Visitor: 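Here it is, the structure in full.
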Amino acid sequence: MINGSSSEKSTVRLKGVREGLWVTLDPNQPVDILKADLTKLFAQAKHLTHNAHVILDTGIFDAPKSLTDELTRFLKDKFHVESVSPPKQETTERQPQTLQKYDMDHSWRRQASDALIIAGRVRSGQKIQARKHLIVLGDVNPGAEIIACGDIIVLGSLFGTALAGQSDQEDAIILALRFRPIQIQIGGIVAAGLPESGSKTAEYAHVENNAIIVEDYLTSNPFNRFTWPEIR
Amino acid sequence: MAGNTLTQSRCSLEGKVIVITSGKGGVGKTTTTASIGAALALEGKQVAVVDMDIGLRNLDVVMGLENRIVFNVIDAIKGKCKIRQAAIKDRRIENLYLFPASQSDNKDVVKPDEMVRFCKMLRKEFDYILLDCPAGIERGFENSIAPADEAVVVCTPDISSIRDADRVIGLLYAKSITPKLILNRIVPDMVARGDMLSHQDVVDILSIELIGLVRMDDQVVVATNTGLPLVLQKDSTAGEAFRRIAQRLNGQKDIPIQIPQSTKSIWKTIGQKLGLGK
Ligand SMILES: Nc1ncnc2c1ncn2[C@@H]1O[C@H](COP(=O)(O)OP(=O)(O)OP(=O)(O)O)[C@@H](O)[C@H]1O
Ligand SMILES: [Mg+2]
């Protein structure tokens, strides 16, 4: 989750979800403050906002239609989002999906891509944020930062900083063919300065008992235990 | 462009602007600018070197020209003098001119588009215009890369220099400038012992075209103190490396890059030579 500057409290929160960008805001705040906070967050997540579907969540309060209309117009004009809609009631319970998951022939059909796939070297000072999963075909240099709400997969060397499962998904993984990050985070757990393992094969990090563990991917592949292929 | 290629190559070819940059301070930008500038001039080119480190001028000292400064680059940009008046001719090398920085001004006195206009005029007079960029990535850097056609990134084999070079490389690519790499201050014995990153380690991370490897060389300091250009010194390994870099920049692509060798470890030397052929 991306919050506004950490020092002052933002009236708006932004989180990447399967459907798009989930914006939570307090409709009782003055509209100018809401707009300013939205601008701050959306500007930070620039590459995600274009043509995005925005879900406008006003929490326990009901927002007047005039406010949602105004914010919708604002987001469309200023950040070129595709649509703005209220949250659907059933999104919290996903009964039908669980059933669908085991229907091997059909479960993937309606799945639009949740992964941001980028090719190239991510250099020092560059920062890439993915709404859900992030796949980098290339190296991530020291001083570069890659952030995802879901998993991070680097098909190359990971030397920089990687934050997966932001902000609270501790089931996320970080995988790299060469795993030498300066720092990683999964959910809220931080691991810094991991010692050189000297491993020549792909390694991945995951959370076990509130700690980040790094293991050889091929020998301890955690997903082999799944009974069915699942959508991440 | 259609037309007579011969006249084109003679008259209408404008000079090339090359920025020498690094991000980190003290890695050898000024040394590189002075040396490559001198070497290109020795190749017969018309060369201008411009000290962009406004407020902290250095290049004049390294070139031994500090006592000739009357006008500086800011005066020329702001129209306080003619461009010719600000150009200081080198004492020894024909065709080499220095535009010194101003020592009193602040980097903000120039804007990137003013630099572009200034360099446009220099291009008509010179074959090569080398800009000695200040450390950092602020206004002085922006001013220096705005007019640049090419960039040379100077880096030393240490982690923080590499980190900053990498940042600068990203910023250069963002401006559609393809940077080339010089690795400076290499100590072959330390590399052989594993106490210094090898040039291969650095190239692996930065992954841009390498155009030269320059040793740590006492002659660099001697050159600065005596004002005798490094590239004119007979026994300077660094001077020799810079001469070859200048030739490479000048289009002689087939000049091989020499890997500084440790004097002690003969086996390493042979190993690296074998490795090169791969
Ligand atoms: N190959 C070398 N061997 C030995 N000394 C060197 C070498 N290259 C540079 N130096 C020394 O390192 C110091 C810094 O070099 P230089 O002034 O060229 O760096 P710079 O990048 O221009 O610094 P700044 O960022 O301050 O402008 C100088 O004292 C110079 O003599
Ligand atoms: Mg300098």
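Values below: all heavy atoms of this structure, side chains included; hydrogens, waters and symmetry mates excluded. None of these values were measured; they are calculated from a predicted model. A, B, ... follow the sequence lines: proteins, then strands. Residue 1 opens every chain.
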Visitor: So with a 6.0 Å cut-off around CG of A:Asn209, is the heavy-atom count from everything else above 12?
Guide: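 No, CG of A:Asn209 has 12 or fewer neighbouring heavy atoms, counting only those of other groups under 6.0 Å.
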Visitor: Tell me which pairs pass salt bridge (Lys or Arg N to Asp or Glu O under 4.0 Å) where either residue lies in residues 212-222 of chain A, with sequence neighbours left out.
Guide: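 Qualifying pairs, neighbours excluded: none.
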Visitor: Around atom CG of A:Leu137, are there more than 12 heavy atoms of other residues, nucleotides or ligands at under 6.0 Å?
Guide: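 Counting neighbours around CG of A:Leu137, more than 12 heavy atoms of other residues, nucleotides or ligands fall under 6.0 Å, so yes.
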Visitor: Side-chain contact test, heavy atoms from C-beta onward, threshold under 4.5 Å: evaluate it for B:Ile205 versus A:Pro142 and give yes or no.
Guide: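 Contact flag for B:Ile205/A:Pro142 side chains = yes.
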Visitor: Quick one: of B:Ile137, B:Val168, B:Leu206, who has the most non-hydrogen atom pairs under 4.5 Å with chain A?
Guide: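 The answer is B:Leu206.
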Visitor: Pull every donor-acceptor pair under 3.5 angstrom between chain A and chain B and give the atom names with distances.
Guide:
residue, atom, partner, partner atom, Å
A:Arg121, NE, B:Ser207, OG, 2.6
A:Arg121, NH1, B:Asp204, O, 3.4
A:Arg121, NH1, B:Ile205, O, 2.8
A:Arg121, NH2, B:Asp204, O, 3.1
A:Arg123, NH1, B:Asp166, OD1, 2.8
A:Arg123, NH1, B:Leu206, O, 2.9
A:Arg123, NH2, B:Leu206, O, 3.0
A:Ser124, N, B:Asp166, OD2, 2.7
A:Ser124, OG, B:Arg163, O, 3.2
A:Asn141, ND2, B:Asp166, OD1, 3.0
A:Asn141, ND2, B:Asp166, OD2, 2.8
A:Asn141, ND2, B:Ile205, O, 3.0

